[in-house]
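Accompanying notes for the structure given below.
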Number of protein chains: 2
Amino acid sequence: MPEQLPGHRPTLEAVAERAGVSRATASRVVNGGDGVRAHLVEKVREAVQELGYVPNPAARTLVTRRTGAVAVIIAEPEIRIFSDPFFSRQIRGISKELTAHDTQLVLLLVEDRGDYDRIERYLAGGHVDGALAFSLHTDDPLPAITRRVGMPTVYGGRPGWAPVSGGHGGVAYVDADNRGGAREAVRHLLDQGRRRIAHIAGPLDQTSAVDRLDGYRDVLLDADPALIAEGDFTAAGGAEAMAGLLERCPDLDAVFAANDLMATGALRVLRERGLAVPGDVALVGFDDAELVAESADPPLTTVRQDIEGMARLMAQLLLRTLDKAQGDRAVPASVVTPTALVRRAST
Amino acid sequence: MPEQLPGHRPTLEAVAERAGVSRATASRVVNGGDGVRAHLVEKVREAVQELGYVPNPAARTLVTRRTGAVAVIIAEPEIRIFSDPFFSRQIRGISKELTAHDTQLVLLLVEDRGDYDRIERYLAGGHVDGALAFSLHTDDPLPAITRRVGMPTVYGGRPGWAPVSGGHGGVAYVDADNRGGAREAVRHLLDQGRRRIAHIAGPLDQTSAVDRLDGYRDVLLDADPALIAEGDFTAAGGAEAMAGLLERCPDLDAVFAANDLMATGALRVLRERGLAVPGDVALVGFDDAELVAESADPPLTTVRQDIEGMARLMAQLLLRTLDKAQGDRAVPASVVTPTALVRRAST
DNA sequence: TTGTATGCGTTATCAG
DNA sequence: CTGATAACGCATACAA
C-alpha cells in the first residue's frame with residue numbers, strides 16, 4: 001500500500017480526476033461497480049490503488065444514514081458474576097459474524113446505573129445501526145431505552161419480562177434451552193439411581209436461573225422444598241448453599257447446580273465433609289465453563305451450551321433485520337438453542 | 001426524554017429555529033456555550049430538551065476530523081492462550097478510562113493473518129482517532145500498519161522488536177515489570193531455603209516470557225540449563241514441561257512457572273507423582289489470574305500484575321497524546337508498572 | 001452507461 | 001457576541 005501523503009487524505013474527487021471520470025462514476029466503482037463499463041472500472045480501481053484511497057466513513061454515513069457499526073452492551077455485574085469466559089466467548093462469536101458482514105463492533109460496558117443516560121444518548125445519536133445486549137435483569141432500563149430511540153436490538157438470554165415462547169412482546173432474543181437442559185441433567189441423575197436430588201439455584205431475578213429451576217421441578221414434581229437452595233452463581237455462593245443443604249438434608253445423594261462455578265463450591269464443601277463424589281453424592285453443573293468444569297476434581301458432568309454459537313446467532317439475527325428494515329422497524333424472531341449433557345467423572 | 005419523532009431526527013437547524021437564534025449560535029451552545037449570552041444559552045438548551053436533539057456524530061466528524069473513538073486490537077491467539085480473564089480485565093480497564101473521556105471503544109479482533117488487511121483499511125479509513133494493541137509477537141505486522149497509516153498507538157506489553165532509539169519511530173507501550181517480578185519470585189524461593197529451583201518459561205517469542213526468564217537468570221546466575229523448560233502458557237504445556245523437568249532433575253525442590261495456568265499444570269503432575277506442594281516442591285506462578293491462582297489446590301503463591309490498571313494507563317497515554325497531537329504525530333512515552341508477590345500456600 | 005447537481009448536519013471563518 | 005456562508009466527502013436522483 002502507498003504511503004499516506006501528509007496533509008489531506010485522497011478524496012473521491014482526486015480518484016475521479018486521476019481516472020478521468022466523474023465523481024459519480026468513481027463512487028459507483030468503489031461501491032461495487034455495477035453498471036459501469038469494464039475499462040472504466042479498471043481505470044478507477046487503478047487510481048484507487050495508486051492514491052491509496054479509502055472512503056471517508058463519516059461522509060458516507062452522513063448521506064446513507066448507515067454507520068456499519070453495531071453496539072454490544074454488557075452490564076458490568078454480569079461480566080463479573082458470570083465470570084469472564086462467557087464474556088470472551090460471546091464477544092468472539094459476535095466479532096466473527098460482524099466482521100464477515102463488514103460491520104464494526106462498538107463495545108458499551110455498563111458500570112453503574114448512571115451509565116444508562118450515556119448509553120441512551122449514544123444510541124439516540126445514531127452512532128450505530130443496531131444493538132446486542134446481554135442477560136438483562138427484570139428491572140433493567142435498557143429495553144425501555146432501545147424502544148424509545150427505536151434501535152433494533154437482539155438480546156442474549158431471555159429478558160425477564162419476555163414470554164418464554166419467542167415472537168411476542170416485540171423482543172428478539174437468543175437463549176439456550178435452560179429448562180430442557182436442566183431436565184436432562186436431573187433425569188441423568190435419576191438414571192444413575194439417585195433419589196434425593198438437591199438443586200442449587202442461581203439468583204432468581206435472572207431468567208436462566210428460573211428456567212433451570214423450572215426444569216428441575218419438571219422432572220421432580222414433588223421435590224422436597226428443603227432440597228432447593230438459592231445461590232448467586234459464584235463458587236462461594238455454591239459452597240454456602242451446599243452447606244445449608246447438607247444441614248437440612250444429610251441424606252441427599254445428588255446435587256444439580258445451576259452453573260459450574262457453584263458446583264465447584266459445592267464440591268469443596270462435600271470434600272471437606274468427607275463425602276465422596278460421585279460415590280456418596282453425584283454432582284452435575286451447567287455451562288461447561290472453560291477452565292472450570294473440566295479441570296475440577298473430579299471433572300464435572302455438566303450441561304453444555306454453545307455460547308459462541310448463540311452469540312453468532314444474535315449477530316446474524318440483528319444483521320438480517322438491519323438489512324431489510326432500512327427504516328421500518330422490523331422485529332427479528334427469537335431463537336432457543338439446544339443444550340447437551342456432557343458426562344464426566346462427577347456422576 | 002422526548003419520544004423520537006418518526007422520520008427525521010431533529011437537526012441543529014431545528015433547534016436554532018425553535019430557540020430563535022442562528023445555527024452557529026446553537027452549535028456554540030451545544031459545544032459548551034462559551035461566549036454566548038446567558039439568556040440565549042438558556043433558550044437553546046430548552047429547545048434541545050424539547051426537541052430531544054442529539055448531535056449527528058457523522059456530520060460532526062466530517063468537519064472536525066475527530067471521531068471520538070479508539071480501536072482496541074486484540075489478536076485471537078492471544079485471547080485464547082492467555083485465556084480469558086486477561087481479556088476481560090483489560091477491556092474493563094480501557095472501557096472505564098475511555099468512557100470517562102467520552103470516547104468510544106471499537107473492538108477489533110484478529111482471527112487470522114488475512115485480517116490485517118481489513119484492519120489496515122479500517123485504520124486508514126479514519127474510523128478512529130487512535131489505537132490500543134496487545135501483546136504483539138516479534139513478527140507482528142501491526143506496528144508497520146499503524147506507522148504507515150500514521151495512527152497513534154499504544155501497545156500493551158513490550159513489543160518484541162528492538163526499540164528504536166530516538167523520538168522518531170519510537171513506540172509507546174505499557175508493561176508490567178516482568179523481569180523484576182520474576183526476580184522477586186525466585187528470591188522468595190531462595191529465602192524459603194530452596195536450592196534447586198526450576199523454571200517453566202512461556203513461549204519465548206513473547207517478551208513477557210523472555211523477560212521473566214531473564215529475571216530468573218538474574219538471580220540464579222549459574223542456573224543449570226536442565227532446570228529450564230519452555231512451555232506455552234497453557235496448563236497442558238505446563239504439565240508437559242513439569243514432567244520433563246522431573247525426568248531431568250528429580251532433585252528439584254522448587255518451580256517458578258511463568259504464568260499461573262502453567263503452574264496448575266505443573267501442580268497436577270506433581271500430585272500425580274506423589275510429590276507434596278510445598279513440602280517436597282515449592283511452586284510460584286505469575287499473573288495472579290482470577291479463578292486460577294486462588295482456587296488452585298493448594299492456592300498459588302504468585303506474582304500479581306495489575307492488569308486493569310495497566311489497561312487504564314494505556315488508554316490515558318493514548319488520550320493524552322490525541323489531545324495535544326491534533327495533527328502532529330506525537331509519541332507518548334512508555335511506562336513499566338510494578339508487580340507484587342502474593343504469598344499463598346504453594347510456598 | 002455516464003455526468004451534473006444537490007443535500008446530508010456540523011463546525012469554522014469571517015463579517016458585522 | 002452573533003449571524004451568514006463556506007467547506008467537510010460522499011451517494012444519488014435526475015438528466016443527458
Side-chain angles (χ1 to χ4, degrees), chain A residues 4-5 7-45 47-48 51-68 121 124-127 129 326-327, chain B residues 4-5 7-45 47-48 51-69 102 121 124-127 129 326-327:
Chain A
Q4 205 63 46
L5 277 341
H8 342 272
R9 279 172 30 196
T11 122
L12 195 55
E13 180 79 50
V15 172
E17 187 179 8
R18 176 152 195 142
V21 300
S22 74
R23 225 169 47 218
T25 299
S27 174
R28 292 184 186 107
V29 172
V30 168
N31 296 300
D34 313 329
V36 177
R37 268 189 312 216
H39 91 278
L40 281 190
V41 171
E42 188 52 32
K43 267 204 147 350
V44 173
R45 294 242 159 91
V48 165
L51 265 41
Y53 169 77
V54 181
N56 178 321
R60 181 176 274 178
T61 295
L62 192 54
V63 42
T64 61
R65 290 150 177 297
R66 269 277 225 149
T67 65
R121 272 199 309 281
H127 285 86
D129 301 327
Q326 277 295 59
Chain B
Q4 203 65 47
L5 276 341
H8 337 272
R9 281 173 29 198
T11 119
L12 197 55
E13 181 79 50
V15 172
E17 187 179 8
R18 176 152 195 144
V21 301
S22 75
R23 221 168 49 219
T25 299
S27 175
R28 292 186 186 107
V29 173
V30 168
N31 296 299
D34 313 328
V36 177
R37 266 188 315 211
H39 92 280
L40 282 190
V41 171
E42 188 52 33
K43 268 203 148 350
V44 173
R45 293 241 158 91
V48 165
L51 265 41
Y53 168 78
V54 181
N56 178 321
R60 181 177 275 177
T61 295
L62 191 55
V63 40
T64 61
R65 288 148 177 297
R66 268 280 221 146
T67 65
D102 229 69
R121 272 199 311 280
H127 285 87
D129 302 327
Q326 278 295 58

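Below, each value reflects all heavy atoms present in this structure, side chains not excepted, and no hydrogens, waters or symmetry copies. A note on names: the letters A, B, ... follow the listed sequences, proteins ahead of strands, and every chain is numbered from 1.
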For this session: Assign each of Val36(B) and Leu62(B) to its nearest nucleotide of DNA chain D by heavy atoms, then name whichever residue's nucleotide is nearer the 5' end.
Result: Val36(B)
For this session: May I have the distance from Arg9(A) (atom CZ) to dC8(D) (atom P), rounded to whole angstrom?
Result: 14 Å
Problem set entry | Value in whole Å for how far the C1' atom of dC8(D) lies from CZ of Arg66(B) | 17 Å
Exercise. Do you know the tightest heavy-atom contact between Ala124(A) and Val54(B)?
Worked result: CB-CG2, 4.0 Å
Seminar exercise, completed: Atom CZ of Arg65(A) and atom P of dC10(D) are separated, to the nearest Å, by 18 Å
Exercise. Taking Arg9(B) for the side chain and Gly52(B) for the main chain, is one N or O donor matched with an acceptor at less than 3.5 Å?
Worked result: no
Exercise. Within the pair Thr11(B) and dT10(C), is there a side-chain N or O less than 4.0 Å away from OP1 or OP2?
Worked result: yes
Exercise. Is Thr64(A) reaching over with its side chain to a backbone N or O of Arg60(A), donor-acceptor style, under 3.5 angstrom?
Worked result: yes
Seminar exercise, completed: Winner on side-chain proximity to Thr25(A), out of dG9(D), dG3(C), dG3(D), is dG3(C)
For this session: Give the rounded distance in Å between these two atoms: CD of Glu13(A) and P of dG9(D).
Result: 10 Å
Problem set entry | Listed nucleotide nearest any side-chain atom of Leu12(A), set dT2(C), dG3(C), dA11(D) | dA11(D)
Seminar exercise, completed: Between Tyr53(B) and Thr11(B) the two heavy atoms that sit nearest each other are CE1-C, 3.6 Å
Problem set entry | Check: Asp129(A) side chain, Arg66(A) main-chain N or O, donor-acceptor pair, under 3.5 Å | no
For this session: Using five pairs at either end of the helix from dT1(C)-dA16(D) to dG16(C)-dC1(D), determine the angle between the two local helix axes and round it to 10 degrees.
Result: 40°
For this session: Assess whether one donor atom and one acceptor atom, taken from the side chain of Arg28(B) and the base of dG3(D), lie less than 3.5 Å apart.
Result: yes
Seminar exercise, completed: Picking from dG9(C), dA4(D), dG3(C), the nucleotide nearest the side-chain atoms of Ala59(B) would be dG9(C)
Seminar exercise, completed: All heavy atoms of Pro10(B) vs all of Leu51(B), minimum pair found to be CG-O, 3.4 Å
For this session: Record whether the side chain of Arg23(A) comes under 3.5 Å of the base of dT6(C) through a donor-acceptor pair of N or O atoms.
Result: yes
Problem set entry | Side-chain donor/acceptor of Thr61(A) to backbone N/O of Ala58(B), under 3.5 Å | no
For this session: Classify the nucleic acid contact of Val63(A) as base, sugar-phosphate or nothing, counting any heavy atom under 4.0 Å across all strands shown.
Result: base
Exercise. Which part of the nucleic acid does Val21(A) contact within heavy-atom distance under 4.0 Å: base, sugar-phosphate only, or nothing?
Worked result: sugar-phosphate
For this session: Using only side-chain N and O atoms of Ser27(B), determine if any of them is under 4.0 Å from OP1 or OP2 of dT11(C).
Result: yes
